[in-house]
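Below: one structure, written as C-alpha cells.
The basis for the numbers below is simple: all heavy atoms, side chains too, and nothing from hydrogens, waters or symmetry mates. Bear in mind the structure is a predicted one, so any value in this text is a computation, not a measurement. Letters A, B, ... mirror the listed sequences (proteins, then strands); counts begin at 1.
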Amino acid sequence: MNSKLNLPADRVAYARELAERITAPVQDFIDGHSSVTVERATLRLAGADGASPDGVPVANLVVDRIRAADPAALEDGATVRYVNALLKSGGDVRALNDRIAAGFDVTSLPLGDRAAIEAKADEIVAGTLARIKGNREFREGKLEQWKGRNNSPLLYLIVATGNIYEDVKQAAAAAEQGADVIAVIRTTAQSLLDYVPYGATTEGFGGTYATQENFRIMRAALDEVAEKQRRYIRLTNYASGLCMPEIAAMGAVERLDMMLNDSMYGILFRDINMYRTFVDQMFSRMLNSYAGVIINTGEDNYLTTSDAYEKAYTVLASQLLNERFGFRAGMPSNLLGLGHAFEMDPTLKNGFMYELAEAQMAREIFPDCPLKYMPPTKHMSGDIFKGTEMNTLFNFVSKATNQGIHLLGMLTEAIHTPFMMDRYLAVENARYVMNYVDGFYDDVEFKKDGIVVSRAHQVLRETIEFLEHVEKTGMFDAIEQGLFAEMKRPKDGGKGFEGLVKKGPAYYNPFEKALKRELGIVR
Amino acid sequence: MNSKLNLPADRVAYARELAERITAPVQDFIDGHSSVTVERATLRLAGADGASPDGVPVANLVVDRIRAADPAALEDGATVRYVNALLKSGGDVRALNDRIAAGFDVTSLPLGDRAAIEAKADEIVAGTLARIKGNREFREGKLEQWKGRNNSPLLYLIVATGNIYEDVKQAAAAAEQGADVIAVIRTTAQSLLDYVPYGATTEGFGGTYATQENFRIMRAALDEVAEKQRRYIRLTNYASGLCMPEIAAMGAVERLDMMLNDSMYGILFRDINMYRTFVDQMFSRMLNSYAGVIINTGEDNYLTTSDAYEKAYTVLASQLLNERFGFRAGMPSNLLGLGHAFEMDPTLKNGFMYELAEAQMAREIFPDCPLKYMPPTKHMSGDIFKGTEMNTLFNFVSKATNQGIHLLGMLTEAIHTPFMMDRYLAVENARYVMNYVDGFYDDVEFKKDGIVVSRAHQVLRETIEFLEHVEKTGMFDAIEQGLFAEMKRPKDGGKGFEGLVKKGPAYYNPFEKALKRELGIVR
Amino acid sequence: MKVVRPYGDTMDDGKVQLSFTLPVPDGAKGREAARKLVLSWGFKDCEVVHSAPLAAEFSFYVAYGKTESSIDYDSVVADEASADASMSMDEVNEYIRRNIGRKVVVVGACTGFDAHTVGIDAIMNMKGYNHHFGLERYPEMEAYNLGAQVPNEKLIDYAVKVNADAILVSQVVTQKDTHIHNMTEFIELLEAKGLRDKFICVAGGPRIGNKLAVELGFDVGFGRGAYADDVATFVVKKLAEKN
Amino acid sequence: MKVVRPYGDTMDDGKVQLSFTLPVPDGAKGREAARKLVLSWGFKDCEVVHSAPLAAEFSFYVAYGKTESSIDYDSVVADEASADASMSMDEVNEYIRRNIGRKVVVVGACTGFDAHTVGIDAIMNMKGYNHHFGLERYPEMEAYNLGAQVPNEKLIDYAVKVNADAILVSQVVTQKDTHIHNMTEFIELLEAKGLRDKFICVAGGPRIGNKLAVELGFDVGFGRGAYADDVATFVVKKLAEKN
Ligand code: B12
Ligand code: B12
Ligand SMILES: Cc1ncc(COP(=O)(O)O)c(C=O)c1O
Ligand SMILES: Cc1ncc(COP(=O)(O)O)c(C=O)c1O
C-alpha cells in the first residue's frame, strides 16, 4: 500500500516508542500480579466447570474457599490446589466439580507430591491447549474452504434480545441476510459481575448473559448457517470487565472468533480498578492470541463520551496503547482489531472529510490490523431517515478506506435495540454502498495540503503531545488525573480492587507458563 | 479549475466542432421557417391575451382565423394582422383582445399603412422588451442583495398537486425548508396541447397546467417567501412541447427564472414533429436568452429510457447539441443548464465511480454552465430506505463535482408524486450530505489510469464516434433512423407538423428581428 | 388458523414503524396529537420518536406503535398474477405449438396520454428486461408494440386489423385515477363495438393489481416485477382454454 | 374543535407510511396479509409498495395507508416539561437570589447499572450541552454529579449528607423496563426513609416522559432535548413554591 496521507514515518515510530515506554512500568506491575479471575480462568482451563445449586460457579467456589481459608494463599495460585484435589480424588474432573459444587472445599486436603501435581497439570494443559489449537485449525480450515465468500470489510451485526434462543433465530436471519460476524451483546452490567453465570439463559437486559453454554448454543447455530451459506460466520462476545480472562478462556474453548477486549475499557467506562484491569487483560490476551481470536478494542467509547472531532487523538493514542499491550501478550497484528468510529457531529462542515482522514490514517498506521470500524451512534436520533443517510456515509468511508471489520449502523440506534428489519436494512445499506463505491480506495488520492491530509497530520501531532504528557505523568497517575476520556479513576478505587493478587515466590500457574512459552513471550 | 480527468482538449474541441457541423443544416431549415406557436408567441408579446368563452386563447383565435381565411397567409407572419387591427380599432389592446375573444376576425380588416403598422409594432416591441429587461434586472438585483444565501448547488424541488393554490402552499413550505428553486410540474401531456390554457387552474394530472395566470400566482407567492427568507427563490416551468415559444414568452414576461427547454425532447419523448420542434426551440431560446432565463435540458430522459451505463455517451452528445443550438439562439453558457442524471443501476459494481466520472466530466467540459443534475428515478422502488441511500450518494456526487442545479431526489419516487414530508426529507438529506462532504471537490484527485479517469475518456470517445455517425447521416435522417434514444421518428410524422410555417418573402416578425439584434445573432 | 402479527424482535410483539405529517405546528402538543392519533388506530402503545417542522403549520412525525391485532394467515388469499408458476420462453413456444398450432398475435400499447414506454417495452421488446426476453423474441408469437400515448380507439382498430388474440394495455400514471378512466374507457369501447370477447385483455403497470384489472373488466392485471414470461403464460393458457 | 388528520399532499388525505415485519415468507400471500393487516387498523386503503425476505419465515413490508380517523387538536393537552417557558442561566440565578436567598443544592446520578453518563453530564457538567451550560456553572447552585452506575441507596445517602434540595436521576436503558424498576425503587426507598418530601425529585433520559415520571412519583420528567436551563427553572420555581 502506498500512502495517501504522507504521514511522517519517524513521527509514527516515535508515537509507538512512547506507547512502549508508557506501558513498560505497567507491564512490570502486571508481571508481578494475578487476580481472582485470572486464577478462575486457569481453573476453568484445568477443568473447573459447573456451579453450585444457587448458581455460584465452581471456579469461584474454589478461589473463594482458598481465600477464606487463608487470605494470603492465592499468592501461590489456585491451580495447584485444584489439581491436588483432583489427584487425591481419583482424577475425575466431573466428579470433583460436582463435589465442589455440593460444598467440598479443596483446601481441606493437604498438598500432595509437588512433582505429581505438576505432572498432572502439564497433562491437563496439554489437553486444553490441544483443544484450543484444534479450534483454531478448524476455523482456518473453514476460512480456506470458503475463501472469498465473506464480505470485505466483514459485516458485523449484533443481536441483543436477552434470550439466547431468540438470539439464535435473529443471528441465523442476520447471517442469511449477509452478516459475516455475529456479536451477542452482553446483558447490561455483566461486566460488573465478578463471576460468569452458568448455563443457558433467557433473561437479560439489553443483551444476553455471556455464559459458556450460551457460547456453545450460538456457535452450533452459526456453524449450521455457515454450512448452508458456505461462508464462515464469526462469533463475537465481550470479554472486558471483571471476568475478562475467564470469558476469554470460555471463548477459546468454544471457538469464538472475536472478543471485545480492551486494555482500559473497564477502567474508564465501567469504573473497574486499574491494576485489576491491566492484570486481567494480559492473561485474556495471551489466551486470545493462542486461540487465534481477533480482539476488538473499544476506542469508540472515547468518541461517544467526548466530542469526536476534538478528541480524535484519544483514539489513536488508545490504539497505540492497545497495540503495545497486545504485542506484550504475544498478539500478532492480524489479531488486533483496533477500534475507531464514525461519530462526528453530522452538522460539522467537512465532517466527511475528517472521518475519511481518520479512517485512512488508522489504515496507514496499522496496515496489518483488521481494524474494527464502528458506526454513528451518539448523534443518531429518532429520525430514522437521517439515520439511514448517516449510515450510508459511514458505509462509504469504511469501504473507501479498506477497513477490516465493519459494525453495521442501525437506523433505530437511538430508539431501541435492533428489530429484525433494522438489521436487514443495515445489511442492505452496506451492501449497496460497498458494491457501488468499490474502487474508491484504489482510485482516489488526496491533495497534498488539503483537508484530509492536514487533518491526519494534525491528529498524529495531537496524539504525540498527549502521549508525551502521559509518559511524563506515568500511566497510573494519568488515569487518576482523568487524562483519559475525562474520567478520573483513583488508583485504589473502582470495582474489583480486592480481587487483585500479588504473586508470591511460589506462585504456580501452568497455563500462564505454557502460553508464554507457546507465544514466545520473554521478559 | 484544473482538470482532474485530463481529458484531451483537442478531442473535446473536435466534439464541439461535430455538434457545430451537425446543427448547421438544421439551423438553415430553422431560419426559413416559423410555426403557429412562434406566431402565437409573437402575438402574446404584442399583447394578445385572454381567451374565448370556451377557452380558446386569443393568440390561437388570431392565428387560426388567419390560416382559415387563407392557408398561405401565415407566411407573412401573424403580427402584422394583429397590429393592423390594433391600429384600426383605436390602439386599446385590452379592448381588441375582448373583441377577438368574442368572435372578431382580424383578417376581416384590410391591411393599412405598412409604415404605421411597423412603427406601432416597434413601439410595442420596445415596451415588451423593456418589461422583460426590467424582470431581468429585478432578478439580478435580488440575487445581488441576498448574495451568498442560496445553497450551492441550488436545491431544486418540484410541486405537482395539479391545483395552483395547493402548489403555492407546498412551494412556500418547500422554500421555507430550504429549496432555492421551485419547479411547478406541468400536467401530464400538456406538451401535446397546441395551445396554452388560460387562467388559474385547479385540476391537473400529475402536475398543474402551465398558464400565464398560474405563473403569476406562483411568482407572487415565491417573492413573498423570498422576502421572508432573504433568499431569492427561482421559479421554473416547462416549455418543451407544442407551445415551447409561447410558454417561453409567458415566462419572460412573468419573470420565471428557469425553463425546461430542450432542442429535441419533444421529438424523442413526446413524438412531436422534428421540424416543428427545431423551429420552436430557436424562438423560445432567443426569448430565454434575452430574459436571462436559465434553460434546463432533458438529457436525463435518455438515461431513463435506455441503460444509463451503456448510453452515457448520448448524454454528452445531447449536451453538445443543446449547447450549440443554444449558442445559435444567442444564449451564453451561464444560461445553459445542461442536464445529466444519476441513473445507473444500484447493483452495478463501481457504479458510484462511474457516476462520479460522468458528473465530473460534464463539469470539466462545460465549466461555465450551471449544470442541472437529476436524481435517481428509474431504479427507485417501493423500498424507501434504499431510496434514501441512493439519494444520499446522488447528493454526494453532486456536491463532490460542484454541480450548479441540484434536483432533489424523492424517496417515494416510485410510489407517488411527492408528499410534503417527502420533500422535507429530500432537503434534509441534501443539506446534511452537502455540508458533510463539502471540501471533497477541492481535496480529491483521481489516479491517472483509474476507474474514474478511464470511464470519462471512454465516454468522450464513444460520444465522438456517435456524433461522427450522426454527422455522416445528417440530423434529420439520424432521428428518423432512431439513432437517438432508440426512438424512430419519421420526418413528416409526429404531432404538430401541420403547424409548421414556411416563411414567405414578406415574413414579418418584429420581435424576432429585435431579439436577434439585441442578442447579436447574425447568420 | 395461523395467527400472524407484526414482529419487532420478539414473536407477537406487534411492533410497527409509522411516519406522517400533521397540519399543525411542531412541538409538544403536536407530538401528543400524533401519539393519540396512532393510538386511535388501535395501537396499544405508541412512542413518537421524532418530530420536525415542515412549515409554520405543518409538522412531521416518526413513531413506533405496538399493535395487538392480528390476521389469520391461512385465510389470506393471494391474488397476484404472479411469476411463481410461469413457463419459460421455450416452454411457452412449445405450448403454443402443441396446443394452439398457429402463431399467437398480441398488440400492446401504453394508452391515453401516458408516455411511459419503458414498462410496455420491458414486456414486448426483443431485449426484454432483467434477463427475460420480450414477446417480440418469441418465435411462436407475433407482437406489435404501438408505443406510448396511444388512444384506446386506435389500439383497438389496430388489434382488429392484425386479428390479434390479446391486447396489452400499459398504464403507469395513476394520479387522479387516470388509469381507471383509461382502462374503463377501453373496455367500454370494446363492448360498444361488440369485441370484448374477441380479445384476451391484459393490463399492466406498477400500480396495477390483478384485482383492480379484473374489476375493471380485463382478464388479468400485472404489477411491478412482471416479465414477458408471465404475460405469455397467461395469454396462451387462456387462449387454449377459450378454443 | 379542530379536526386534524394526516396530510400527504392534500388537506385531509390521511396518508401514512408504515413499515413492519411479519413472521411469514415473502411473496404474494405475505403482501396480501400485510395489506389486510393495515386495513385491520382502520385504514381505508393500503398499498404495499415493497416487500423483501428477511429469512425463510420472515418478511419485511413498506406500505402506505389512507386513514379517515382524526383527532380534535383543541382537546390535546401537551404534557412535556418542555423548553418553551424556561428561564436562562442568568435569569435562574437572579430568581434564586430574589426568591430563595441561598444556594440551591442539587445531586444527580445515573442510577442502577446504567452506565450512560453523557445525559446527566449534559445537564450537570460545567460545559453543558449544545451551548447550554450545565448546573455546575450556575453561581447560585451547588451541583454534585455522582456519575453513572450509582445505587439508589448511595444517591439518597449523599443527598442527605449535602442537604440537597433536589435529586436528579438519569435513566437511559429502558430494556425490560429496567428504568421503571430503578425509578420505582428510588421513590420507595425515599418513602421508606420518610424523605420523599424533603427533596424535589427530577427524572430524565431519552425515553422518560413527564407523565411517566409523575406516575412513578417524581415531581417531573425530562426527555430528549432537555437542557440545564429547563431543569433549573423547574427546580427553583418548585422550591420557591414549597417555601
Ligand atoms: C422513466 C420515467 C419517466 C420518463 C419516461 C421515459 C419513457 N420513455 O418511458 C419521463 C421522464 C418521460 C417521464 C415523464 C413523466 N412522468 Co414518469 N416516471 C418515470 C420513472 C422514473 C420510471 C418508470 C420506469 O421506466 N420504470 C421501469 C419499468 C420497467 O417499470 P414499470 O413501468 O413499472 O413496468 C413494469 C411493470 O409495471 C409491468 N408493466 C408495465 N406496463 C405493463 C403492461 C403490461 C401489459 C404488462 C403485462 C405489464 C406491464 O411490467 C414492467 C416490467 O416489470 C417513474 C418512477 C419510478 N421509479 O417508477 C416515474 C413516474 C411513473 N412518472 C410519473 C409522472 C407523474 C410523470 C409525468 C406525468 C410528470 C410530469 N407531469 O411531467 C411525466 C409525463 C409522462 C406522461 N404523460 O406519462 C409518476 C407517476 C405518479 C403516478 N402514480 O401517477 C412517477 C411514479 C414518478 C413520481 N413519483 O412522480 N417519466
Ligand atoms: C453513547 C452510548 C453508550 C456509551 C455510553 C458512554 C457514556 N460514557 O455515557 C457506551 C458505549 C458505554 C454504551 C453502552 C451501552 N449501551 Co448505550 N448508547 C449510547 C448512545 C449511542 C448515545 C447515548 C448518548 O450519549 N446520547 C446523548 C445524550 C446527551 O442524550 P441523552 O442521554 O438522551 O440525554 C439527554 C436527555 O435524555 C436528558 N437527560 C438524560 N438524563 C437526564 C437526567 C435528568 C435529571 C434530566 C433532567 C435530563 C436528562 O437530557 C440530556 C440532554 O438533552 C445511545 C443511542 C442513542 N443515539 O441515543 C445508546 C443506547 C442508549 N445504549 C443502549 C444499550 C442497550 C447499551 C448497553 C446496555 C449495550 C450492552 N448490552 O452492552 C451498554 C451498556 C451500558 C449500560 N449498562 O448502561 C441502548 C438502550 C436501549 C434501551 N432503550 O434500553 C441505546 C438506545 C442503543 C440501542 N439502540 O441499542 N452506550
Ligand atoms: C471494549 C469493550 N468491551 C466491552 C464492552 C461492553 O461491555 P459491557 O457493557 O458489559 O461493559 C464494550 C462496549 O462498548 C467495549 O467497547
Ligand atoms: C426537457 C424537458 N421538457 C419537458 C419535460 C416535461 O414535459 P411534458 O411531460 O409536459 O412533456 C421534461 C420532462 O422530463 C423535460 O425533460
Side-chain angles (χ1 to χ4, degrees), chain B residues 160-163 169-177 185 187-193 203-207 225 228 268-272 301 304-307 310 345 347 377-378 380-382 384-385 411-412 414-417 419-425 427-428 485-489 494-495, chain C residues 17-26 34 50-62 109-122 125-131 145-151 171-182 205-207 223-225:
Chain B
T161 69
N163 178 329
K169 282 186 224 161
Q170 305 246 354
E176 277 174 40
Q177 284 155 26
I185 297 278
T187 183
T188 302
Q190 186 179 346
S191 45
L192 305 184
L193 301 181
E203 282 283 315
F205 302 97
V225 193
K228 263 190 258 164
L268 302 171
F269 303 102
R270 281 306 189 172
D271 197 10
I272 293 175
N301 296 288
T304 51
T305 303
S306 313
D307 182 78
E310 284 167 25
D345 189 333
T347 66
T377 63
K378 183 172 176 176
M380 295 293 273
S381 70
I384 55 175
F385 300 99
L411 78 171
T412 53
I415 305 167
H416 47 235
T417 45
F419 286 176
M420 191 191 273
M421 68 191 197
D422 300 341
R423 244 182 253 116
Y424 164 79
L425 291 171
V427 174
E428 283 292 293
E486 307 177 71
M487 296 285 177
K488 295 184 182 172
R489 299 304 188 194
K495 300 172 185 77
Chain C
Q17 174 269 323
L18 305 99
S19 76
F20 51 87
T21 298
L22 293 182
V24 304
D26 184 34
H50 178 64
S51 79
L54 298 187
E57 288 293 321
F58 289 92
S59 44
F60 172 61
Y61 302 90
V62 178
C110 185
T111 59
F113 288 123
D114 201 325
H116 292 86
T117 53
V118 181
I120 188 75
D121 287 353
N125 281 9
M126 277 291 173
K127 68 176 173 187
Y129 183 60
N130 236 348
H131 313 294
N145 180 356
L146 308 192
Q149 301 188 151
V150 178
Q171 285 285 281
V172 176
V173 176
T174 59
Q175 268 245 335
K176 304 261 154 93
D177 290 337
T178 29
H179 61 311
I180 300 197
H181 295 136
N182 271 336
R207 307 252 87 75
R224 198 163 246 274

Roughly how far apart are [X] [atom1] and [Y] [atom2], rounded to 0.5 Å?
{"X": "B/Phe205", "Y": "C/His181", "atom1": "CZ", "atom2": "NE2", "value": "7.0 Å"}
{"X": "B/Asp422", "Y": "C/Leu54", "atom1": "CG", "atom2": "CG", "value": "10.0 Å"}
{"X": "C/Arg207", "Y": "B/His416", "atom1": "CZ", "atom2": "NE2", "value": "9.0 Å"}
{"X": "B/Met420", "Y": "C/Leu22", "atom1": "CE", "atom2": "CG", "value": "11.5 Å"}
{"X": "C/Lys127", "Y": "B/Asp307", "atom1": "NZ", "atom2": "CG", "value": "8.0 Å"}
{"X": "B/Asp271", "Y": "C/Gln149", "atom1": "CG", "atom2": "CD", "value": "7.0 Å"}

If I compare all heavy atoms of [X] with all of [Y], which pair ends up nearest, and what's the gap?
{"X": "B/Tyr424", "Y": "C/Pro53", "result": "CE1-O, 3.8 Å"}
{"X": "B/Ala414", "Y": "C/Arg224", "result": "CB-NH2, 4.0 Å"}
{"X": "B/Thr304", "Y": "C/Val118", "result": "O-CG2, 3.5 Å"}
{"X": "C/Ala56", "Y": "B/Glu176", "result": "N-OE1, 3.7 Å"}
{"X": "B/Arg270", "Y": "C/Ala115", "result": "NH1-CB, 3.2 Å"}

Proximity breakdown for B/Thr347 and chain C, heavy-atom pairs closer than 4.5 Å =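 For B/Thr347, there is no contact with chain C at all, as no heavy atom is under 4.5 Å.
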
Residue part contacting chain C, namely of B/Gln170, when any heavy atom lies under 4.5 Å |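 Neither part, no heavy atoms under 4.5 Å.
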
Under a 4.5 Å heavy-atom cut-off, does chain B meet the side chain of C/Thr21, its backbone, both or neither?
->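 Both backbone and side chain.
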
Side chain, backbone, both or neither: which part of C/Ser59 has a non-hydrogen atom closer than 4.5 Å to chain B?
->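 Neither part.
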
Of the listed residues (B/Gly207, B/Ser306, B/Gly204, B/Gly162), which shares the most heavy-atom pairs with chain C below a 4.5 Å separation?
->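 Maximum pair count with chain C is reached by B/Gly204.
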
More than 12 heavy atoms of other groups within 6.0 Å of C/Phe113 CZ |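 It does not: C/Phe113 CZ has 12 such atoms or fewer within range.
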
Listed partners of C/Thr117 passing side chain to side chain donor-acceptor pair (under 3.5 Å), at least two apart |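 Counting only residues at least two positions away or on another chain, C/Thr117 forms no side chain to side chain donor-acceptor pair (under 3.5 Å).
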
